[in-house]
Chemist: 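The following block contains the structure, expressed as structure tokens.
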Amino acid sequence: MNLFNEIRALVLDCLQAMMEAGELPAGLDMAAVAVEPPRDVAHGDMATNAAMVLARPSGRKPREIAEALAGRLGDDARILSAEVAGPGFLNLRLAPSLWQGVVAAALAAGRDFGRSDLGAGRRVNVEFVSANPTGPMHVGHVRGAVVGDALACLLAFAGWQVTREYYINDGGAQVDVLARSAYERYREAHGLSPEIAEGLYPGDYLIEVGEALKVEFGDRFLNRPEEEWLAAFRDFATERMMAMIRDDLAALGVQMDVYASEKALYGTGKIEAALKRLREQGLIYEGVLEPPKGKTPEDWEPREQTLFRSTSHGDDVDRPVKKSDGGWTYFAPDIAYHWDKIERGFDDLIDVFGADHGGYVKRMKAAVAALSAGRVPLEIKLVQLVKLYKDGVPFKMSKRAGTFVTLRDVVEMVGADVTRFVMLTRKNDAPLDFDFDKVLEQSRDNPVWYVQYAHARIASVLRKAEAAGMAVDDATLARADLARLDHPAELALIRRLADWPRQVEIAARAQEPHRIAAYLGELASELHTHWNRGNDEPGLRFLQDDAGVSAAKLALARATGVVISAGLAILGVVPAEEMR
RNA sequence: GCACCCAUAGCUCAGCUGGAUAGAGCGCUGCCCUCCGAAGGCAGAGGUCGCAGGUUCGAAUCCUGCUGGGUGCGCCA
């Protein structure tokens, strides 16, 4: 139930009637007609820009259209008043019962309140994290994991059919390095001293992999040439790393639907097939790239390579798909992987990348545009860095000094819920500060705490009511006489609740889950303000002597709790029943 | 050199894909509270939305050009 959509539909009906009556030319495009909350509550409950938007295409003055529209809207029982204001805004006042109905709707729908069919069942693939399987996830991966997962939740809530997917980069040189690093730990497990050469992965997490390799292979590969063990060690170690990464993700509450392997694309003809498709469009050719201007690499020499004509789809230069030694570049399997996603029938593709991969956005979009003949839009969300702080002081990370922060560390220090919420307090393309102390602070300026506190307060008052012998289940509360919720302060809170379904659609359309966190902060603020007013005005407290009045007020409290739960569920955060 | 992202109150940031007098928290100033409806409350001051143009009824929002910051730029992923 989205009250704004309901009123917009009413506005469109009236406009339709005006077209039929000849007051407006037929066939006007209504797409830009919006019904929104007014900036200033004094203006009314809702405002529409219909008259201003339609003035030009209909060749009439905005105020004239507004007057006529106001007359028709006023005939509807739901509209108390419709007033023309400013350049042609139409300010609407709604019957209070409409607002009160929002409370009942929230109680009836529970955590599904605000669900939308905006996505109309379109299938969307959200690829995120995709960290190299060479070690545990570190704090840099956390934000991408949270943003991707929350975005997936948000889209699912808004009517998309969502697949969460992780692309395992297990086909490149870095997994050979992993195998060699594991080999040294394997030697170590046999009592030899490991030689962790420059460029190998020095992390302690490989020690147990070495032990496991010893159990698996005994001493068979000791002092044997690399060709004999490399492939086996690589497979073994990457499998171990992926198990670790799955555990890390689970600790954050992230559950992938699909793990896609880069390695699985090799030797199966998939890369060739994807490139063939591009070749058929004349987008693959042999050529020599110009060196980048202004920053020519030291060892630059022109070489002929197999190139993808990405410039024909908006890229700045064409991109190599084959290395000079004839092997594929990383881009080639990436193309094949996205071709695979297209073939699996997704309507929308989303990739969540670290901001340092920003340079690949255009070429990836070019590849998908070419492969899908423009049918499948690819959206790439770049996630900026997280700056760590401890007590307001920047927290330097160093593998060497042992101050390297893993995802595990973060979750163990502050918990998955806090981690997730804080990672969503900024839009994905802005840098984020994460202070280990501040995120646990119990104060107004900690949004996580503030939202949880609001939910806990509601839970507390409901417990209190129940202890006093009241029935506080949703079905009973929904039957309360909600017309008694007529105080301006209560209506202000209800207005905020009514905005929830709208915020879901706005966030989903923009693919920006952080908006949900921001909305929850505002809703929590509204709840706390209302609660505090109860100190001075006892008549506003949720618990009253009159059982009927209490029931109505508790219904409002519970409806607020429902919306907070629904919002937190999208962020993957468990609402708090009490603060301790 | 080129591309992408960012620039909004003293600080940290929101800002509905173009709407009305640009918002919140912190900090600052003033008032109130010490009642377990608790881990404070209320109010106020504070802005040339980086700069300059453009598009239009209307721009923080869209376009162009600058300035400043971040990221990246063939055979690493």
Side-chain angles (χ1 to χ4, degrees), chain A residues 4 32 34 36-40 43 47 49 52-53 55-56 61-62 85-89 91 130-132 134 167 169-175 177 262 288-297 299-303 305 307 315-320 322-331 333-334 354-362 380 382 384-385 425-433 438 442-447 449-450 453 457 460-461 464 499 502-503 505-507 509-510 512 514-515 517-519 521-522 525 528-529 531-536 538 540-543 579-580:
Chain A
F4 290 89
E36 302 176 320
R39 185 184 297 279
D40 188 341
H43 290 151
N49 61 355
M52 285 181 293
V53 172
R56 174 178 288 269
K61 289 180 182 159
F89 279 102
N91 290 327
S130 299
N132 287 338
T134 56
Y167 179 58
N169 290 114
D170 54 2
Q174 76 283 359
V175 283
V177 175
E262 175 193 356
V288 181
L289 286 176
E290 295 286 312
K293 291 202 166 52
K295 192 210 165 201
T296 308
D299 56 350
W300 177 272
E301 46 183 290
R303 281 185 189 146
Q305 298 172 280
L307 300 168
D315 201 357
D316 308 303
V317 290
D318 293 338
R319 306 292 178 175
K322 267 190 184 176
K323 298 190 274 192
S324 51
D325 67 3
W328 300 117
T329 61
Y330 61 87
F331 186 41
D334 271 355
D356 54 339
H357 285 54
Y360 305 99
V361 170
K362 284 189 177 180
I380 299 184
L382 294 180
Q384 273 291 352
L385 291 180
T425 51
R426 294 277 176 273
K427 53 185 157 199
N428 57 278
D429 49 10
L432 173 79
D433 291 342
K438 281 189 181 163
Q442 302 201 342
S443 74
R444 171 73 186 89
D445 56 328
N446 178 358
W449 178 85
Y450 200 57
Y453 184 25
R457 272 186 155 172
S460 160
V461 77
K464 209 167 160 186
D499 201 33
R502 193 173 152 269
Q503 291 295 336
E505 294 194 350
I506 288 169
R509 226 186 292 271
E512 292 181 343
H514 79 276
R515 287 174 189 270
Y519 167 82
E522 287 165 10
S525 176
H528 288 303
T529 297
W531 184 283
N532 290 329
R533 286 183 75 162
N535 290 337
D536 297 332
L540 285 180
R541 298 183 182 189
F542 292 111
L543 288 175
M579 306 305 282
R580 29 180 56 254

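In what follows, chains carry the letters A, B, and so on, assigned in the order in which the sequence lines appear, proteins first and then strands, with residues in each chain numbered from 1.
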Chemist: State yes or no: are the ring centers of His528(A) and Tyr453(A) separated by less than 6.0 Å?
Modeler: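 Yes, the ring centres sit under 6.0 Å apart.
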Chemist: Heavy atoms only, 4.0 Å cut-off, all strands: where does Phe331(A) land among base, sugar-phosphate and nothing?
Modeler: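 Since no nucleic acid heavy atom lies under 4.0 Å of Phe331(A), the category is nothing.
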Chemist: U12(B), G74(B), G15(B): which one has an atom nearest the side-chain heavy atoms of His514(A)?
Modeler: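 Nearest nucleotide to the side chain: G15(B).
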Chemist: Quick one: label Ala85(A) by what it contacts on the DNA or RNA (base, sugar-phosphate, nothing), any heavy atom closer than 4.0 Å.
Modeler: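 Base: the residue Ala85(A), judged by heavy atoms under 4.0 Å, touches a nucleobase.
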Chemist: Using Watson-Crick or G-U wobble geometry with both distances under 3.5 Å, which nucleotide pairs with U29(B)?
Modeler: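 With both distances under 3.5 Å, U29(B) matches A43(B).
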Chemist: Does the protein touch nucleotides 55-68 of chain B at the base, only the backbone, or not at all? Give it as B, S and - per nucleotide, heavy atoms under 4.0 Å.
Modeler: -SS-----------
Chemist: Could you tell me how far apart Arg457(A) (CZ) and G37(B) (P) are, to the nearest whole angstrom?
Modeler: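 My rounded result for the distance is 10 Å.
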Chemist: Once you round it to whole Å, what is the distance between C1' of A39(B) and OH of Tyr450(A)?
Modeler: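 Those two atoms, OH and C1', are 13 Å apart.
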Chemist: Mind checking Glu505(A) for me? I need base, sugar-phosphate or nothing, with any heavy atom below 4.0 Å counting as a touch.
Modeler: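 Nothing, no nucleic acid heavy atom in range.
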Chemist: Taking atom P in both U8(B) and C16(B), compute the distance separating them and give it to the nearest angstrom.
Modeler: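 Each nucleotide's P atom is 16 Å from the other's.
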Chemist: Students often get this wrong, so: under 4.0 angstrom with heavy atoms, is His357(A) touching a base, only sugar-phosphate, or nothing?
Modeler: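 Base, at least one base atom sits under 4.0 Å.
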Chemist: Would you classify Lys322(A) as touching base, sugar-phosphate or nothing, given that sugar-phosphate means primed atoms plus P, OP1 and OP2, and contacts are heavy atoms under 4.0 Å?
Modeler: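 Touches nothing.
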Chemist: Is there a side-chain contact between Arg515(A) and Ile506(A) in this structure, where contact means two heavy atoms from C-beta onward sitting under 4.5 Å apart?
Modeler: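 Yes, their side chains come closer than 4.5 Å.
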Chemist: With a 4.0 Å cut-off on heavy atoms, is Arg515(A) in touch with a base, just the backbone sugar-phosphate, or nothing at all?
Modeler: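 Arg515(A): backbone/sugar contact only, no base atoms under 4.0 Å.
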Chemist: Give the rounded distance in Å between these two atoms: CZ of Arg509(A) and P of G15(B).
Modeler: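 Spelled out: CZ on Arg509(A) to P on G15(B) is 16 Å.
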Chemist: Quick one: the side chain of Arg303(A) and the base of C75(B), do they pair up donor-acceptor inside 3.5 Å?
Modeler: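 Result: at least one qualifying N/O pair found.
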Chemist: For RNA chain B, whose closest nucleotide is more 5', that of Asp499(A) or that of Gln305(A)?
Modeler: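 This one resolves to Asp499(A).
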Chemist: How long is the line joining CZ of Arg444(A) and C1' of U12(B), in whole Å?
Modeler: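 Value for this atom pair: 14 Å.
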Chemist: So Asp325(A), base contact, sugar-phosphate only, or nothing? Heavy-atom distance under 4.0 Å.
Modeler: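 Contact class for Asp325(A): none.
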Chemist: Given C42(B), G37(B), A39(B), which nucleotide is nearest the side-chain atoms of Lys464(A)?
Modeler: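 Selected nucleotide (nearest to the side chain): G37(B).
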Chemist: With the threshold set at 4.0 Å, does a side-chain nitrogen-carboxylate oxygen contact exist between Glu505(A) and Arg502(A)?
Modeler: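 Salt bridge between Glu505(A) and Arg502(A), a charged N being under 4.0 Å from a carboxylate O: no.
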